Number of protein chains: 2
Amino acid sequence: MTIKDIARLSGYGIGTVSRVLNNHSDVSDKARKKIMGVIEESNFQPNSNARQLKRQAASSLSIIVKGNQNMLFADILEKMQMLLSKNGEIAEVSYIDEDANEVECALMLCRERNPKGIIFLGGNLDYFDEFEGIDVPCILVTNSAGSLNISNLSSFYTDDEAAAYKVGSYFIKKGHKKIGVVGGILSATQISSLRYAGCIRSFQENNIPFDEKKGYVQCRFSMEDGYQAMKKLLKNMPDVTAVIALSDTIAVGAMRAICDAGKKVPDDISVIGFDGISLSNYCIPRLTTIKQDTEKMAREGVELMLRQIHYPDEGRDVSIPFKLLERESVRNL
Amino acid sequence: MTIKDIARLSGYGIGTVSRVLNNHSDVSDKARKKIMGVIEESNFQPNSNARQLKRQAASSLSIIVKGNQNMLFADILEKMQMLLSKNGEIAEVSYIDEDANEVECALMLCRERNPKGIIFLGGNLDYFDEFEGIDVPCILVTNSAGSLNISNLSSFYTDDEAAAYKVGSYFIKKGHKKIGVVGGILSATQISSLRYAGCIRSFQENNIPFDEKKGYVQCRFSMEDGYQAMKKLLKNMPDVTAVIALSDTIAVGAMRAICDAGKKVPDDISVIGFDGISLSNYCIPRLTTIKQDTEKMAREGVELMLRQIHYPDEGRDVSIPFKLLERESVRNL
DNA sequence: CTGAAAGCGCTTACAG
DNA sequence: CTGAAAGCGCTTACAG
């Protein structure tokens with residue numbers, strides 16, 4: 001069933017059918033009615049490849065999410081889609097692996113789907129040197145792209161270094177001196193490096209001794225990895241009293257490992273996570289964590305995108321305030 | 001940059017360029033080399049809309065996932081993608097809302113992307129009466145489509161009724177008599193209805209009194225909803241000793257609510273979940289749950305899809321055995 | 001082995 | 001308000 005069939009069936013030309021399909025105003029009511037009838041009856045749906053090919057015009061937005069299982073991104077995505085649909089925009093979302101190249105993915109999207117704009121949930125700055133092929137407005141969320149200085153690339157991010165510094169300082173203020181860090185593979189993700197750097201700075205400024213070899217166990221962002229990393233940390237530092245987990249997911253795994261080692265959170269070991277995903281408020285004990293303001297990231301990101309679609313604009317690089325949520329997983333020493 | 005430019009730049013015709021692009025054998029080495037050089041140099045990428053429009057031939061598989069935050073589906077998806085890529089197949093995945101119409105989505109995909117086959121992760125049988133427009137092989141996972149009798153629709157599922165029956169009976173065998181059920185909105189999801197029916201059957205066969213009005217609190221599949229539902233159940237049935245949560249996510253919320261009410265799992269109240277997602281093994285206490293065999297679902301689903309792509313075949317409706325994982329959230333009464 | 005041409009299903013000036 | 005026609009960027013018989 002093609003537009004030709006509809007034209008034949010309705011007795012009009014394909015041009016008129018196309019106009020009806022695209023809601024143009026210059027069609028007689030009679031023609032519109034007749035054609036609509038045939039379309040509905042035959043359940044016709046225009047071929048979107050032909051449509052895209054012809055109009056070369058952008059139809060929707062694209063969102064690229066790094067990681068299938070990332071609960072933080074799932075949260076932001078949900079909020080963004082709500083805002084977008086409230087503004088009459090549709091977004092196609094593509095999930096890629098946590099380590100995959102998002103810019104390559106964006107390039108492909110540009111060719112195939114021709115989006116009006118692209119939102120990246122998570123990103124690795126290393127990949128962005130191929131960015132020149134992309135000329136629609138882009139927004140990167142949770143990472144800063146400020147250092148790249150690309151005019152059609154904005155970013156909304158949490159200051160991870162400062163957040164981690166706050167976590168470290170908080171532990172120290174609570175009297176902790178034997179602090180360990182689990183999670184994040186430094187070479188792979190900027191977020192980990194930034195958070196780790198913040199931890200280190202807090203230790204140094206407060207003269208807290210820290211043995212990088214023993215006190216820091218790298219791992220991927222999953223519960224199982226957090227679990228294994230914590231077990232290792234417990235071996236490296238049997239007297240550890242406070243653990244900074246570089247994400248909530250890792251923290252949940254770490255708390256389980258602490259429990260399995262016969263210790264209690266926070267009585268024996270205190271734990272703080274990052275992100276503030278929903279789970280952090282339902283685990284037992286409730287996790288003290290850095291809450292990223294996903295609400296604000298989603299809102300400001302979408303607003304800027306909507307604006308830029310219409311009026312090309314300078315890129316922005318906006319740090320979104322975070323908050324340390326004090327809950328049940330930390331005790332005073 | 002189009003195929004025409006490449007033809008001009010290389011001194012060959014567009015037909016030859018196209019043949020090189022599609023790896024046809026009937027091209028001279030000289031031409032291939034020259035053209036490849038130009039392609040690489042100019043970083044040319046064929047327009048996939050034109051390609052799709054022309055060849056009308058299926059290129060990849062599609063996977064439709066119902067729910068962004070569904071950790072069970074994320075797990076199955078990951079396994080399927082691994083298997084698919086091992087077999088040289090690529091799958092495009094589309095996420096839709098937990099309540100959205102997956103058949104509508106599939107129909108759109110068929111028009112736009114022309115997939116070789118479609119895999120549904122989750123599905124609502126009510127939507128499948130519009131299925132006739134789809135004629136590629138389809139696989140539905142975690143639901144049974146057997147009752148539909150559609151020849152190009154197979155399903156791999158857990159027998160939810162039997163699983164719930166087993167959970168109910170297990171509690172009863174452990175001496176529990178005051179049993180509550182949280183989660184799942186019966187009118188919205190078949191899975192909930194099936195699981196609930198299994199619970200009821202176990203109660204009836206064992207003469208356990210059950211007041212549907214008080215003992216069953218419906219809720220959506222999230223921790224927050226599980227939390228609220230459990231609070232309500234606690235009010236309805238202050239003497240409840242065992243809770244069947246219709247998913248692990250709900251169970252985690254429920255355990256938190258129990259804890260906030262000053263009670264302990266499993267000492268005061270036992271909890272069992274469904275699905276066996278990763279989290280169920282890291283929460284405190286570890287959750288006793290029905291483990292769906294995602295490994296097997298993924299493997300058998302992908303295998304059948306691969307076979308059907310090549311040799312059209314009858315649909316199958318296969319129940320995948322589940323397992324009750326006995327962990328730490330249940331006690332003997 | 002190669003090129004010229006038809007055609008995939010649409011949209012949109014253009015002419016009436 | 002409407003139709004005939006050009007053309008989006010490809011692929012693939014067809015003819016050589």
Side-chain angles (χ1 to χ4, degrees), chain A residues 1-39 42-60 107-116 133, chain B residues 1-39 42-60 107-116 133 135-136:
Chain A
M1 184 67 58
T2 74
I3 198 173
K4 236 167 158 174
D5 299 307
I6 304 298
R8 186 170 39 75
L9 258 33
S10 66
Y12 284 88
I14 57 169
T16 305
V17 174
S18 176
R19 281 175 208 112
V20 170
L21 243 20
N22 291 287
N23 245 315
H24 289 192
S25 55
D26 53 350
V27 180
S28 69
D29 276 353
K30 187 171 153 233
R32 187 183 304 279
K33 217 164 142 193
K34 174 72 184 163
I35 291 170
M36 281 307 273
V38 176
I39 288 174
S42 61
N43 220 301
F44 167 72
Q45 293 287 156
N47 176 311
S48 99
N49 283 123
R51 229 170 180 174
Q52 297 275 353
L53 175 59
K54 192 62 233 212
R55 56 181 167 201
Q56 315 270 117
S59 47
S60 62
L107 250 11
M108 191 197 63
L109 247 27
C110 285
R111 286 198 312 274
E112 302 200 354
R113 317 295 293 174
N114 195 11
K116 287 190 281 200
Chain B
M1 183 66 58
T2 74
I3 199 173
K4 235 166 157 175
D5 299 308
I6 304 298
R8 186 170 40 74
L9 257 35
S10 65
Y12 285 88
I14 56 168
T16 305
V17 174
S18 176
R19 280 175 210 114
V20 169
L21 243 20
N22 291 287
N23 244 316
H24 289 190
S25 55
D26 53 351
V27 180
S28 68
D29 275 353
K30 189 172 152 230
R32 186 183 305 277
K33 217 164 142 192
K34 175 72 183 161
I35 291 171
M36 280 307 273
V38 176
I39 288 174
S42 60
N43 220 302
F44 167 70
Q45 293 287 155
N47 176 309
S48 98
N49 283 123
R51 230 172 179 172
Q52 297 273 353
L53 176 59
K54 192 63 232 211
R55 56 181 167 201
Q56 315 269 118
S59 47
S60 62
L107 249 12
M108 192 197 62
L109 248 27
C110 284
R111 285 198 312 275
E112 302 200 355
R113 316 296 293 173
N114 195 12
K116 286 190 281 198
D135 46 14
V136 293

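Naming convention: chains lettered A, B, ... in sequence-line order (proteins, then strands); numbering from 1 in each chain. Here the structure is a predicted model, which means the values were calculated and not measured.
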Q) At under 4.0 Å between heavy atoms, what does B:Thr2 touch on the DNA or RNA strands: base, sugar-phosphate, or nothing? A) sugar-phosphate

Q: Answer with base, sugar-phosphate or nothing: what part of the nucleic acid does A:Ser28 contact at a heavy-atom distance below 4.0 Å?
A: sugar-phosphate

Measure from [atom1] on [X] to [atom2] on [N] and round the result to the nearest Å.
X	N	atom1	atom2	result
B:Met1	D:dC8	CE	P	16 Å
B:Lys33	C:dT2	NZ	C1'	19 Å
A:Arg19	D:dA4	CZ	P	11 Å
B:Arg51	D:dG9	CZ	P	15 Å
B:Tyr12	C:dC1	OH	C1'	9 Å
B:His24	C:dG3	NE2	P	16 Å
B:Lys54	C:dA6	NZ	P	12 Å
A:Ile14	C:dG9	CD1	P	11 Å

Point-to-point distance, once rounded to the nearest 0.5 Å, from [atom1] of [X] to [atom2] of [Y]:
X	Y	atom1	atom2	value
B:Ser28	B:Lys33	OG	NZ	11.0 Å
B:Arg8	B:Ile3	CZ	CD1	13.0 Å
B:Asn47	B:Lys54	CG	NZ	14.5 Å

Q) B:Asn47 has a side chain; which of D:dT2, D:dT12, D:dG9 sits nearest to it? A) D:dG9

(Q) Side chain of B:Phe44, heavy atoms from C-beta onward: which of C:dG9, D:dG3, D:dC10 has the nearest atom to it? (A) D:dC10

Q | For D:dG16, the Watson-Crick or wobble partner whose two distances fall under 3.5 Å | A | C:dC1

Q: Would you please confirm or rule out a distance under 4.0 Å between OP1 or OP2 of D:dC10 and any side-chain N or O of B:Asn49?
A: no

Q. Is there a side-chain polar atom (N or O) of A:Thr16 under 4.0 Å from OP1 or OP2 of D:dG3?
A. yes

Q: For A:Asp26, look at atom CG and say whether over 12 heavy atoms of other residues, nucleotides or ligands are found less than 6.0 Å away.
A: yes

Q. Considering only the C1' atoms, how many Å lie between C:dT12 and C:dG16, rounded to the nearest integer?
A. 16 Å

Q) Start at the 5' end of DNA chain D and walk down; is the nucleotide closest to A:Asp29 or to B:Ile3 reached first? A) A:Asp29

Q. Which atom pair, heavy atoms only, marks the closest approach of B:Pro115 to B:Val136?
A. O-CG1, 3.4 Å

